[in-house]
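Right, one structure below, let's go through it.
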Protein chains: 2
Amino acid sequence: MQKNIKDAGHGAIAAEQEASQGLAAKMLRGDLFAEKCPSRDVLKHVTSRWGVLVLVALLGGTHRFSQLRRKINGISERMLAQTLQWLEADGFVLRKSYPVVPPHVEYSLTPSGTEVGLQVQGLADWIEGNLPSILAAQRRIDANAARGA
Amino acid sequence: MQKNIKDAGHGAIAAEQEASQGLAAKMLRGDLFAEKCPSRDVLKHVTSRWGVLVLVALLGGTHRFSQLRRKINGISERMLAQTLQWLEADGFVLRKSYPVVPPHVEYSLTPSGTEVGLQVQGLADWIEGNLPSILAAQRRIDANAARGA
DNA sequence: CAGAATCCGATTTGATACTG
DNA sequence: CAGTATCAAATCGGATTCTG
């Protein structure tokens, strides 16, 4: 493999698809299985450790920074800020800053953000709802593994 | 913060919920907003860098190790093995090993795995389908930021 | 309050080489 | 083919400190 993948900016999908499917410049959809497709970055932000939680939290409505921090138990200021910036840069989160004496900033989902939010909420809900059976399966499996797979 | 969070095993949800909602030992559902809830680990595996791709790939049917490796462009052997083990331990992936001369191993989704798979596929599809507009939004946003938000 | 900046340990990830 | 072992690099992520 070459080392110069650095130049593969956003035009990557086009190049990638052109190579694999012969499509022209007008790209219609991303391909997560393609190594250099920008969609991978978006997926990375959304599915980052805190991305899912932030999106689900914001589905509940506009929140302030410390509101989110309290709601998402265990997140640090650094990671919350970072995650919000990623999601904002992708156009999923809208940041509104009010120039008042004690700073006041509100975060909400854009229409686009609401759509991804709903997708990840589906996943989050499924996991929360099926946790008991997942834990049971985990126990069955490594009880089995312990005895020699 | 204490350092001994190590002891917080799987009983964490019960303790967590008991503390916040007064529930008894019989846990009915996980809570991703709770710091020590095991559901966070499951989410971590599923949304890990390659977890989503592996699940979506397996929705397409049974695959062998190297089939997956070829399909999921850019994944290393190490990470594919690791990811498959996580998903297997959570009961999402079924590993069948045939004791033949050139080793032959097949991976498929369990019923439970198919369900999570469909959830993540929803997300994956949305991202792939909306990539163009996401990229456009990204450009608008940092063009704006460049000029001074 | 809402962050930015810095320090630094813990994880993750990837090449590479080796094995049943 | 289907991995495991090992090492080095990159990144993640938290605690702390500082600012408007």
Side-chain angles (χ1 to χ4, degrees), chain A residues 1-3 5-6 35-36 40-41 43-54 57-58 62-89 93-108 145 148-149, chain B residues 1-6 35-36 40-41 43-54 58 62-89 93-108 145 148-149:
Chain A
M1 287 278 138
Q2 307 93 300
K3 229 49 183 149
I5 311 187
K6 241 55 229 272
E35 187 169 2
K36 297 163 304 184
R40 288 235 176 136
D41 295 324
L43 182 69
K44 192 170 185 174
H45 300 157
V46 172
T47 65
S48 66
R49 173 156 191 198
W50 304 108
V52 174
L53 285 311
V54 168
L58 288 179
T62 298
H63 283 66
R64 295 184 59 178
F65 190 83
S66 19
Q67 261 185 307
L68 284 172
R69 189 148 158 42
R70 274 188 299 276
K71 186 163 189 173
I72 305 173
N73 230 284
I75 193 172
S76 67
E77 294 181 358
R78 188 184 191 283
M79 283 302 108
L80 178 55
Q82 173 80 260
T83 304
L84 285 169
Q85 284 168 8
W86 283 335
L87 298 177
E88 189 193 357
V93 162
L94 183 65
R95 187 199 129 125
K96 293 191 63 178
S97 171
Y98 300 91
V100 291
V101 177
H104 184 104
V105 182
E106 292 180 349
Y107 293 93
S108 57
Chain B
M1 290 281 137
Q2 307 93 301
K3 228 51 181 149
N4 51 325
I5 312 188
K6 241 54 227 269
E35 188 170 1
K36 297 162 305 184
R40 287 233 177 137
D41 294 325
L43 183 69
K44 191 171 184 173
H45 300 156
V46 171
T47 65
S48 67
R49 174 155 191 198
W50 305 108
V52 173
L53 285 310
V54 168
L58 289 179
T62 297
H63 284 66
R64 297 184 58 176
F65 190 85
S66 20
Q67 260 185 307
L68 284 172
R69 188 147 158 44
R70 274 189 298 275
K71 187 163 188 174
I72 304 173
N73 231 286
I75 194 172
S76 66
E77 295 182 356
R78 188 182 192 286
M79 282 303 107
L80 178 54
Q82 173 81 267
T83 304
L84 285 169
Q85 284 167 9
W86 284 335
L87 297 177
E88 189 194 356
V93 162
L94 184 65
R95 186 200 129 117
K96 293 190 65 178
S97 172
Y98 299 90
V100 292
V101 177
H104 184 104
V105 182
E106 291 181 348
Y107 293 93
S108 57

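First the proteins, then the strands, lettered A, B, ... as listed; each starts at 1. Here the structure is a predicted model, which is why all the values come from computation and not from measurement.
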Between B/K44 and C/dT12, is there a side-chain N or O to OP1/OP2 distance below 4.0 Å? yes
Looking at the side chain of A/S76, which of D/dC1, D/dG14, C/dA4 is the nearest nucleotide? D/dG14
Touch check for A/R69, heavy atoms < 4.0 angstrom, all strands: base, sugar-phosphate only, or nothing? nothing
Of D/dG3, C/dA4, D/dG13, the nucleotide closest to the side chain of B/E77 is D/dG3
What's the separation between atom CG in B/N73 and atom CZ in A/R40, rounded to the nearest 0.5 Å? 6.5 Å
For A/Q67, answer base if it contacts any base atom (sugar-phosphate contacts may also be present), sugar-phosphate if it contacts only those atoms, and nothing otherwise; contact means non-hydrogen atoms under 4.0 Å. nothing
In whole angstroms, the gap separating C1' of C/dA2 from NE2 of A/H63 amounts to 16 Å
A/W50 has its side chain closest, among D/dG14, D/dC1, D/dG3, to D/dG14
Give the rounded distance in Å between these two atoms: CD1 of A/I75 and P of D/dG13. 10 Å
Comparing B/V101 and A/S48 on DNA chain D - which has the more 5′ nearest nucleotide: B/V101
Side chain of A/R64: nearest nucleotide among C/dC1, C/dG3, D/dC1? C/dC1
Which nucleotide in the set D/dC1, D/dT4, D/dG14 lies at the smallest distance from any side-chain heavy atom of A/M79? D/dG14
Atom-pair distance (NZ on B/K96; P on D/dA2), nearest Å: 15 Å
Sorted by chain and number, sequence neighbours left out, side-chain hydrogen bond (donor to acceptor under 3.5 Å, both in side chains) with B/E88 holds for none
Does C/dT12 have its OP1 or OP2 closer than 4.0 Å to a side-chain nitrogen or oxygen of B/W86? no
Donor-acceptor check, side chain of B/S66 to backbone of B/R69, threshold 3.5 angstrom: yes or no? no
CZ of B/F65 versus P of D/dT4: gap in Å, rounded? 8 Å
If you only use heavy atoms from C-beta on, which nucleotide in D/dC1, D/dG3, D/dG13 is closest to the side chain of A/R78? D/dG13
What's the closest nucleotide to the side chain of B/Y107 if the choices are D/dG3, D/dG14, C/dG3? D/dG3
Measure from CZ on B/R70 to P on D/dC1 and round the result to the nearest Å. 7 Å
Do side-chain atoms of B/Q82 reach the backbone of B/M79 as a donor and acceptor pair under 3.5 angstrom? no
Which residue, A/K96, A/R64, A/R95, forms the side-chain contact (heavy atoms from CB on, under 4.5 Å) with A/Y107? A/R95
Whole angstroms only, please: what is the CD-P distance between B/Q82 and D/dT6? 15 Å
Does a side-chain N or O from B/Q85 land closer than 4.0 Å to OP1 or OP2 of D/dG3, or not? no
Between P of D/dA2 and CG of B/L80, the distance in whole Å: 10 Å
Quickly work out the B/I72 CD1 to C/dG14 C1' distance and round it to whole Å. 16 Å
D/dA2, C/dT12, D/dT4: which one has an atom nearest the side-chain heavy atoms of B/V105? D/dA2
Geometric class of the A/W86/A/H45 ring pair [parallel <30°, tilted 30-60°, perpendicular >60°]: parallel
What nucleotide, of C/dT13, D/dG20, D/dG13, holds the atom closest to the side chain of A/R49? D/dG13
